[in-house]
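Written out below as structure tokens is the structure these notes cover.
Note that this is a predicted model, so its numbers are computed, not measured.
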Amino acid sequence: MSSTASPAQPATEITGARTEDAATLITGARERIDGLDDRIIGLVQERMAVSAVIQEARITSGGRRVNLSREMDVLAHYRDALGKPGTTLAMTLLELCRGRV
């Protein structure tokens with residue numbers, strides 16, 4: 001995902017900015033966001049792997065694949081930190097992490 005301007009497409013057009021200074025600022029900020037997104041994806045993948053270990057241990061010991069009270073704690077944690085959209089984010093994470101075993 002590259003947001004650098006080509007000779008045929010000025011930075012202001014790519015970023016939607018009206019000045020070159022704003023376009024430069026936006027381009028740098030987008031590069032930082034791209035780096036953050038890469039880190040977030042890596043952390044989600046790590047969370048999925050750890051969740052699989054937990055599920056395997058729970059199932060092997062005779063337990064259920066999913067611990068609903070733990071999931072409720074996770075939902076509350078994200079909601080408390082990020083508001084209502086945090087609940088949606090947590091649900092997505094939980095969905096990604098379920099049933100990998």
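Using a 4.5 Å cut-off on side-chain heavy atoms (C-beta onward), Ile40 and Asp37 make contact. Side-chain contact between Arg47 and Leu94 is present, with at least one heavy-atom pair separated by less than 4.5 Å. The side-chain heavy atoms of Val74 and His77, taken from C-beta on, include no pair separated by under 4.5 Å.
In the hydrophobic cluster analysis, where Ile, Leu, Val, Met, Phe, Trp and Tyr join through side-chain heavy atoms closer than 4.5 angstrom, Leu96 is grouped apart from Ile54. When the side chains of ILVMFWY residues are joined at heavy-atom separations under 4.5 Å, either directly or via intervening members, Leu75 and Leu82 end up in a single hydrophobic cluster. Follow the hydrophobic side-chain contacts under 4.5 Å out from Val44 and you never reach Val50; the two are in separate clusters.
With rounding to the nearest 0.5 angstrom, the CG atom of Leu43 is 11.0 Å from the CG atom of Asp38. Here the CD-OG1 distance, from Glu20 to Thr15, works out to 8.0 Å after rounding to the nearest 0.5 Å. For the atom pair Glu46 CD and Ile41 CD1, the distance stands at 14.0 Å (nearest 0.5 Å). Here the straight-line distance linking atom CE of Met91 with atom CZ of Arg79 works out to 12.5 Å at 0.5 Å rounding.
Ile14 and Arg30 get closest at one heavy-atom pair: O-NH1, 3.3 Å. Among all heavy-atom pairs drawn from Cys97 and Ser51, the shortest one is O-OG, 3.2 Å. The two residues Arg65 and Arg58 make their nearest non-hydrogen contact at O-NH1, 2.7 Å.
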